[in-house]
Amino acid sequence: MRSIRKKEDLLNLYENLRKEREKQGKFISVCVDTGCLATGSGAVFSALKEEIAKAGLNPEGEGVKKILRGTGSLGFDSENPVVVIYPEKIFYRKVRPGDAKYIVHKTLLNGEIIERLLYKDPETNEPIPYLDDIPFYKHQKRLLLANHGIIDPLSIEEYISIGGYQALLKALTEMEPPQIVEEVKKSKLRGRGGAGFPTGIKWEDAAKRDSDIKYVICNADEGDPGAYMDRSLLEGDPHSVVEGMIIGAYAVGASHGYIYVRREYPKALESATKAIEDAREAGLLGDNILGTGFSFDIEIARGGGAFVAGESTALMASIEGKPAEPHTKYIHATQAGLYSKPTVLNNVETWANVPIIINKGADWYGNIGTEKSKGTKIFSLVGAVKNSGLVEVPIGTTLREVIFDIGGGIASEKKFKAVQTGGPSGGVLPESLLDMPIDFDTLTKAGSMMGSGGMIIMDEHTCMVDVARYYIDFLSKESCGKCTPCREGLRQMLDILTRITQGEATMDDLDLLEELSYVVKDASLCGLGQTAPNPVLSTLKYFRDEYVAHVRDKHCPAGVCAALIEYEIIPEKCTGCLACKVRCPVGAIEGEKGEVHKIDPDKCIRCGICMEVCTFDAVRIK
Amino acid sequence: MVKITIDGKKISAKEGETVLKAAQRAGIFIPTLCNNDAVKPYSACRMCLVEVAKNGRTKLVTSCDYPVEEGIEVNTNTERIQRDRKVILELLIARTGETPELKKLAEKVGVKEVRFKVRNFDDCILCGLCVRVCDEVVGAHAIGFRGRGMEREVVPPFDVENEQCLACGACAEICPVNIIDIFEHDGTRELPKWHKKSRLVACRVCGKYFATEEEIEMIRAKTGLPDEILYVCPDCREHNFTI
């Protein structure tokens with residue numbers, strides 16, 4: 001690709017690519033991001049490629065006119081592998097390689113819809129042919145994920161063909177840096193990494209600093225279990241992040257940028273690297289961008305996988321080659337950050353919002369969201385929910401809308417019990433708060449947080465003490481260990497929680513747990529420790545009865561905590577089939593064939609295998 | 001000069017100094033464990049937490065690295081701080097067992113009992129002073145942290161004896177809980193915690209052991225002084241030479 005040296009070069013290129021793209025007829029898109037590949041979309045992609053070639057067509061097409069595209073995730077991960085045929089957006093789910101020839105011959109070549117591959121409305125069981133009509137998509141507002149499905153993320157030409165880098169062009173040739181900062185401030189964009197700090201104010205502070213060098217950093221060290229929106233954005237639309245960073249760098253006067261990606265994200269690393277290389281080759285990174293005299297470049301910094309490295313000061317220490325350990329932030333990074341120079345650190349999703357704001361303007365952007373938090377937010381909706389995947393909604397959408405309208409409610413016949421927002425150090429919220437609008441402030445007030453956007457749904461068979469114990473176990477291992485409250489406090493919290501789940505705690509322990517939680521929250525050095533007690537404090541607030549049941553009655557109401565439950569066989573239902581007896585790993589089940597079986601509670605290790613294998617529902621928890 | 005208030009007392013602090021420094025000069029006690037003037041603040045033990053009120057908002061900060069600002073109101077002993085301090089000290093005692101140094105501090109901040117299970121995981125409180133003095137003052141970088149979270153510990157690289165260590169003993173000297181042993185016998189100095197054994201050098205004048213071979217070599221590399229000076233102990237040097 002020839003180098004873009006001035007404004008006209010980019011405009012001409014865009015015109016040509018856009019016109020070429022307009023001639024694009026039908027095309028098939030297959031999600032090939034990490035999550036989709038894990039469900040076998042790679043084989044589906046290969047099969048489709050082969051079938052298209054067999055039909056005498058070139059799957060690669062010419063330039064930006066492709067017949068088959070490997071794209072970023074479409075988000076509906078419980079239906080993967082997903083194949084969509086554009087422009088109609090015919091949505092095929094759970095596609096197998098064997099379906100490829102039908103998709104090519106029937107749908108691509110003859111416009112026929114294959115009913116058996118369609119998503120069915122769970123209530124009416126009616127097939128829904130088009131993506132936009134599926135409830136999972138109908139209730140979303142996909143701005144950041146808009147390009148997922150329609151472009152090959154590894155092609156800068158495709159990004160440019162649909163208007164990519166037009167925001168950069170506008171920012172660099174029509175706006176002065178202070179104007180850009182003002183626009184971002186006006187948009188009320190808040191940091192999507194979790195804390196929700198107003199992005200424009202951060203930029204303004206960095207912009208006013210006088211320094212020989214300034215930095216911008218993209219935090220892609222996503223580490224929350226179950227959260228993958230940043231990975232998906234980097235894999236599915238890396239240029240939107242790069243474009244956002246260049247605009248940000250221009251606005252604050254930075255000359256150098258880093259994308260800090262965790263090493264466990266090889267595909268995100270690959271697509272970010274490719275995007276940077278392509279942008280550099282095209283002339284959109286490097287010296288004298290678009291002939292404006294502005295120079296800026298980005299390099300990749302790879303993270304080693306410590307959860308705490310996502311904390312901004314730890315991340316910068318890691319880029320400097322030091323251990324990823326946080327330090328206090330009394331002097332802001334915008335004053336002295338990376339290598340003690342003014343630094344703007346934003347999360348992947350925050351950067352991806354920037355081109356949208358510049359393109360459409362802060363006023364347009366301001367129509368989406370709540371009074372104090374504008375725009376959309378991507379959530380990774382996982383757990384006991386029917387439709388799991390990545391969901392993008394305006395900030396201010398209620399939990400109920402996300403979990404029930406988009407998520408389709410609980411996957412099994414069980415009832416909804418709680419939702420955890422904000423990753424491992426978010427809070428667990430009960431059913432009574434389902435109508436709460438999701439934004440930074442409401443979630444924090446309720447004892448949880450927005451975090452990076454993890455949303456884990458739990459049904460009634462989830463024990464809240466066990467959940468709190470799980471997260472504290474995770475966080476105590478991920479604490480860097482530098483400060484006392486986080487290192488020692490989490491260790492003691494874990495100890496108390498473990499004793500509660502084993503029925504060995506007293507009511508005094510409950511009080512001590514609560515007091516300790518407040519101290520860890522208060523006194524810890526960084527965000528990890530300051531938020532770590534959230535799962536405990538929120539479950540104590542909303543599900544205290546469950547704690548009390550464990551402590552006082554030595555009973556786990558959800559039937560989860562092994563030490564507090566006993567399995568028994570219902571004599572009326574047992575047929576004496578031996579299935580449980582044969583599978584019991586410790587020989588705790590007695591009874592001959594045809595006789596009612598019996599579990600010896602002294603031998604039983606509460607593994608639950610008997611209950612799982614019984615086809616007559618004859619095993620229950622006492 | 002910066003005017004601040006600490007516990008109701010009006011204080012003139014120096015531009016750029018920390019709240020802890022200002023408080024210490026004014027004779028106000030703030031407990032510390034990981035702080036020492038020889039090295040940079042580290043804000044890890046969290047004992048020195050204070051409340052700072054500014055523009056009507058109160059926040060909890062570590063006084064060891066919080067810079068003074070005009071007009072701030074600092075409170076060093078509110079109920080919240082007392083609670084946090086006590087719990088932090090309880091947590092440390094639960095980690096190490098009751099050592100004389102922690103016991104003394106516990107009495108000072110009012111810890112009556114340790115409500116957590118005392119487990120004696122390790123006698124080190126991980127304040128990092130030994131690591132920092134070795135890095136920042138000695139410049140030897142002979143020890144560092146290994147592991148994270150509950151696994152964190154101070155070790156020389158790979159937990160084996162290393163050449164960088166001068167056996168100078170600065171780590172033992174600065175340790176606030178006195179757990180780094182240092183022995184001298186038969187012309188050797190030993191720091192068992194770092195698996196370090198060094199030969200001592202005797203003064204050419206008085207014959208007393210006065211430094212390790214590594215220390216002498218480090219000084220030689222830095223200063224280029226001749227053996228006649230290097231191998232004479234500071235006492236004798238004072239009497240015999242004018243440098």
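Every chain is numbered from 1, with letters handed out A, B, ... down the list of sequences. The basis for the numbers below is simple: all heavy atoms, side chains too, and nothing from hydrogens, waters or symmetry mates. As the structure is a computational prediction, the values presented were derived from the model and not from experiment.
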Ignoring hydrogens, what is the shortest heavy-atom contact between [X] and [Y]? Give both atom names and the distance.
{"X": "B:Ser43", "Y": "A:Thr328", "value": "OG-CG2, 3.4 Å"}
{"X": "B:Met150", "Y": "A:Arg487", "value": "CG-O, 4.2 Å"}
{"X": "A:Ala523", "Y": "B:Asp84", "value": "CB-OD2, 4.3 Å"}

Within a reach of under 6.0 Å around [atom1] of [X], are more than 12 heavy atoms found that belong to other residues, nucleotides or ligands?
{"X": "B:Lys103", "atom1": "NZ", "value": "no"}
{"X": "B:Glu136", "atom1": "CD", "value": "yes"}
{"X": "A:Tyr518", "atom1": "OH", "value": "no"}
{"X": "B:Glu107", "atom1": "CD", "value": "yes"}
{"X": "A:Lys372", "atom1": "NZ", "value": "no"}
{"X": "A:His332", "atom1": "NE2", "value": "no"}

*Going through the distances and angles, do A:Tyr330 and B:Thr62 end up as a side-chain hydrogen bond (donor to acceptor under 3.5 Å, both in side chains)?*
CA-CA 10 Å; A:Tyr330 305 140; B:Thr62 36; 3.1 Å; yes

Does any part of the side chain of [Y], heavy atoms only, come nearer than 4.5 Å to the side chain of [X], both counted from C-beta?
{"X": "B:Arg83", "Y": "A:Asp522", "answer": "yes"}
{"X": "A:Gln492", "Y": "B:Glu90", "answer": "no"}
{"X": "B:Phe145", "Y": "A:Lys482", "answer": "no"}
{"X": "B:Phe116", "Y": "A:Leu516", "answer": "yes"}

*Which region of A:Glu478, side chain (C-beta onward) or backbone (N, CA, C, O), has a non-hydrogen atom less than 4.5 Å from a non-hydrogen atom of chain B, or is it both or neither?*
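A:Glu478 touches chain B through backbone and side-chain heavy atoms alike.
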
*Atom group of A:Leu512 that falls short of 4.5 Å from chain B, counting heavy atoms*: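 Just its side chain gets close to chain B.
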
Which bit of [X] is near chain A, if near means a heavy-atom gap under 4.5 Å: side chain, backbone, both or neither?
{"X": "B:Arg152", "result": "side chain"}
{"X": "B:Pro67", "result": "side chain"}
{"X": "B:Leu49", "result": "side chain"}
{"X": "B:Ile81", "result": "neither"}

*Apply side chain to side chain contact (heavy atoms under 4.5 Å, CB included) to B:Lys117 and A:Arg499, showing your working.*
CA-CA 12 Å; B:Lys117 232 175 233 168; A:Arg499 284 189 284 117; 3.5 Å; yes

_Options B:Arg85, B:Arg80, B:Glu151, ranked by heavy-atom pairs under 4.5 Å with chain A, top entry_ = B:Arg80

*Measuring from B:Leu126:CG to A:Cys483:SG, what's the distance to the nearest 0.5 Å?*
11.0 Å

*Salt-bridge contact A:Glu488-B:Arg46 (side-chain N to carboxylate O under 4.0 Å)*: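 No, no charged N to carboxylate O under 4.0 Å.
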
